[in-house]
Amino acid sequence: MKTPLLVIVISFIIVMVNPLYADYDSRYDRYRQGGEWKEEYRDGPCEVKMESKPHEFKREIKCKDGIGANWHGEWKKEFTDGRCKIKQEAKSDEFKEEVKCD
């Protein structure tokens, strides 16, 4: 009798955890695999441009008058993540990110 209950509990956990992976953005997976590509699309009121080359990735988000922006203020950051150098810059209506890896 315990075996069917265990199967039900495991099935329930799998069904509940699976949607968490649905949010994973496959565009970044393409960046990790290499190759060159460009993509432009709208995310609500914002325009998004992404470009990837071997060992390099750039993303630029522009929101007219800052409407729809999910960042706040104006700032710059530079940091490393493993072998990659990351530069981020935010303004009231624009966000830029550049990743360069060895």
Side-chain angles (χ1 to χ4, degrees):
M1 191 70 167
K2 290 182 180 183
T3 304
L5 180 61
L6 183 62
V7 170
I8 291 171
V9 170
I10 290 174
S11 299
F12 179 76
I13 291 171
I14 290 172
V15 167
M16 296 306 292
V17 171
N18 195 30
L20 297 176
Y21 295 105
D23 289 339
Y24 178 75
D25 195 342
S26 64
R27 290 184 277 274
Y28 300 110
D29 193 36
R30 289 193 302 182
Y31 159 66
R32 287 187 201 103
Q33 292 174 0
E36 293 188 23
W37 55 271
K38 288 183 182 181
E39 186 172 354
E40 294 183 24
Y41 61 95
R42 294 194 68 81
D43 184 9
C46 304
E47 292 181 22
V48 181
K49 295 180 183 178
M50 297 194 314
E51 179 179 341
S52 180
K53 297 178 182 175
H55 309 290
E56 190 174 318
F57 173 79
K58 294 180 184 179
R59 174 174 56 169
E60 186 175 303
I61 305 170
K62 292 185 180 181
C63 302
K64 186 175 181 179
D65 299 326
I67 298 171
N70 61 359
W71 61 89
H72 301 286
E74 295 189 14
W75 46 268
K76 288 184 181 183
K77 276 188 192 179
E78 290 190 26
F79 57 95
T80 59
D81 184 10
R83 298 180 352 213
C84 300
K85 292 181 182 178
I86 302 171
K87 294 180 185 178
Q88 296 177 333
E89 181 179 355
K91 297 179 183 174
S92 61
D93 62 346
E94 183 176 48
F95 175 81
K96 293 181 181 180
E97 180 178 48
E98 186 174 310
V99 180
K100 291 186 179 181
C101 302
D102 296 334

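Bear in mind the structure is a predicted one, so any value in this text is a computation, not a measurement. The analysis underlying the following values was restricted to heavy atoms, covering all of them including side chains, and did not include hydrogens, waters or symmetry mates.
- Across every non-hydrogen atom of Ile61 and Cys46, the tightest pair is CG2-CB, 4.0 Å.
- Taking the charged nitrogens against the carboxylate oxygens, Glu98 and Lys96 have no contact shorter than 4.0 Å, which rules out a salt bridge.
- Between the CZ atom of Arg83 and the SG atom of Cys101 there is a distance of 7.0 Å, given to the nearest 0.5 Å.
- Counting all heavy atoms, side chain and backbone alike, Cys84 lies closest to Val99 at CB-CG1, 4.0 Å.
- Counting heavy atoms from C-beta outward, Met50 and Phe57 have side chains that approach closer than 4.5 Å.
- The two residues Gly68 and Pro45 have their closest heavy-atom pair at CA-CG, 3.8 Å.
- Hydrophobic clustering (ILVMFWY, side-chain heavy atoms < 4.5 Å, transitive): Tyr41 and Ile67 are in distinct clusters.
- Summarising the geometry, atom CG belonging to Asn70 is positioned 8.0 Å from atom CG belonging to Asp43; distances are rounded to the nearest 0.5 Å.
- When all heavy atoms of Glu36 and Pro54 are compared, the pair lying nearest together is CG-CD, 3.7 Å.
- At least one side-chain heavy atom of Gln88 sits under 4.5 Å from a side-chain heavy atom of Trp75.
- Residues Lys62 and Glu47 are not paired through a salt bridge, judged by the lack of any N-O separation under 4.0 Å between the basic side chain and the carboxylate.
- Within the 4.5 Å cutoff, side-chain heavy atoms of Glu97 are placed close to those of Ile86.
- Between Glu51 and Lys58 there is no salt bridge, since none of the side-chain N atoms of the basic residue sits less than 4.0 Å from a carboxylate O of the acidic one.
- Summarising the local packing, CZ of Arg42 is surrounded by more than 12 heavy atoms from other residues, nucleotides or ligands at distances under 6.0 Å.
- Interatomic distance, NZ of Lys76 versus NZ of Lys91, reported as 7.5 Å (0.5 Å rounding).
- The closest side-chain heavy-atom distance from Trp71 to Cys63 is below 4.5 Å.
- Here the closest heavy-atom approach between residue Asp102 and residue His55 is recorded as O-ND1, 3.7 Å.
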